[in-house]
Every structure is written in C-alpha cells, then in structure tokens.
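To start, the structure itself, in structure tokens.
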Amino acid sequence: GAATAGNCGAATAGNRGAATAGYGGAATAGYGGAANSRGKSKTGVNGIAVVRGNGVVASGGLGTVIVIVNENDIDFDIAEWKTGVIDGVTLKADTWYKLENGEFVEVQNET
C-alpha cells in the first residue's frame with residue numbers, strides 16, 4: 001500500500017509500502033518499506049528512510065538505509081547530507097538521528 005499526506009500530515013504504509021509526507025510531516029513504513037518526508041521518516045527492517053529540510057530526523061530497523069539532508073535557511077539549497085545503514089553497531093535500530101556538522105547525532109526524547 002501507499003500513503004501520502006500534505007504539510008504537517010502523517011502518512012503510514014504497511015510492509016513493503018511507501019509513505020510520503022510534506023513539510024513538517026511524518027512518514028512511517030513497515031518492513032521493507034520506504035518513507036520520505038520533510039520532517040520525520042521511519043521504517044521497519046530493511047527499509048529506506050529519507051528526510052530533507054531543517055530539524056529533520058530519521059530512524060529505522062536493522063538493515064534500513066537512512067538519508068538525511070539539511071537545507072540552507074535562506075535558499076533551501078543543500079547545506080549538508082549523509083547516508084548510512086542501521087547496522088546495530090554504528091547506527092542503532094529504532095533510534096532517531098539528525099545530522100550535525102556532517103555527522104549522525106542521536107536524538108533524545110523523539111517519539
């Protein structure tokens with residue numbers, strides 16, 4: 001299944017589904033799914049979570065690829081970006097991450 005939400009909306013898709021949310025939104029997809037947003041993205045095992053904007057966060061289960069893109073405040077061009085794999089060692093499963101100075105940083109108190 002596929003789910004789409006507008007700005008500040010939430011989109012949730014099941015296993016192998018795709019979820020997309022607009023600015024300030026949240027996208028969640030299950031096992032093997034894909035989540036893309038301009039706010040928060042989270043997937044289950046072996047998914048892909050992509051976020052772009054400012055103050056954005058991503059999370060996923062083991063084997064998930066996360067991509068975080070921070071934008072410039074003025075022109076919204078890319079300021080920095082990074083991609084990684086949730087391997088349970090370098091990046092932990094079901095843990096939210098943001099990007100600071102080109103590095104993944106664990107986010108506390110994110111739901």
Side-chain angles (χ1 to χ4, degrees):
T4 303
N7 292 347
C8 299
T12 302
N15 292 344
R16 294 178 177 56
T20 302
Y23 180 79
T28 304
Y31 173 85
N36 175 25
S37 81
R38 294 189 57 83
K40 297 163 70 169
S41 290
K42 181 174 184 168
T43 65
V45 175
N46 296 328
I48 182 165
V50 180
V51 288
R52 178 175 174 155
N54 288 310
V56 296
V57 294
S59 179
L62 284 176
T64 291
V65 174
I66 62 172
V67 180
I68 301 177
V69 180
N70 286 338
E71 296 178 334
N72 294 323
D73 290 330
I74 296 172
D75 59 11
F76 305 108
D77 283 345
I78 294 172
E80 61 182 353
W81 67 275
K82 187 171 180 114
T83 187
V85 176
I86 305 293
D87 60 4
V89 177
T90 305
L91 297 175
K92 296 184 266 183
D94 301 316
T95 301
W96 290 99
Y97 290 95
K98 64 182 177 178
L99 193 59
E100 283 185 2
N101 299 316
E103 297 299 325
F104 290 119
V105 175
E106 205 172 306
V107 177
Q108 302 298 321
N109 302 320
E110 193 68 37
T111 57

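Here the structure is a predicted model, which is why all the values come from computation and not from measurement. Just so you know, these numbers use all the heavy atoms, side chains as well, and skip hydrogens, waters and symmetry mates.
In the hydrophobic clustering, where aliphatic and aromatic side chains (Ile, Leu, Val, Met, Phe, Trp, Tyr) are joined below 4.5 Å either directly or transitively, Val50 groups with Ile48, Val65, Val67, Val69, Ile78, Trp81, Val85.
Expressed to the nearest 0.5 Å, how far CG of Leu91 lies from CG of Leu62 amounts to 10.5 Å. The line from OG1 of Thr83 to CG of Leu99 is 10.5 Å long, rounded to the nearest 0.5 Å. To the nearest 0.5 Å, atom CG of residue Asn70 and atom CZ of residue Arg52 are 10.0 Å apart. Expressed to the nearest 0.5 Å, how far OG1 of Thr95 lies from CD1 of Ile66 amounts to 9.5 Å.
Of the possible donor and acceptor atoms, one in the side chain of Thr64 sits under 3.5 Å from a partner among the backbone N and O of Gly44.
Using a 4.5 Å cut-off on side-chain heavy atoms (C-beta onward), Glu106 and Tyr97 make contact. In this structure, the side chains of Glu100 and Lys98 come closer than 4.5 Å at one or more pairs of heavy atoms.
Residues Val107 and Val57 share a closest heavy-atom pair of CG2-CG1, 3.8 Å. Closest of all the heavy-atom pairs between Ala49 and Ser59 is CB-O, 3.7 Å. Closest approach of Arg38 to Gly53, counting heavy atoms only: NH2-CA, 4.3 Å.
Every pair passing salt bridge (charged side-chain N to carboxylate O under 4.0 Å, His left out) that includes a residue from residues 77-90 is listed here, sequence neighbours excluded: Lys82-Glu103. For the side chain to side chain donor-acceptor pair (under 3.5 Å) condition, the pairs that include at least one residue of residues 27-37, sequence neighbours left out, are Ser37-Ser41.
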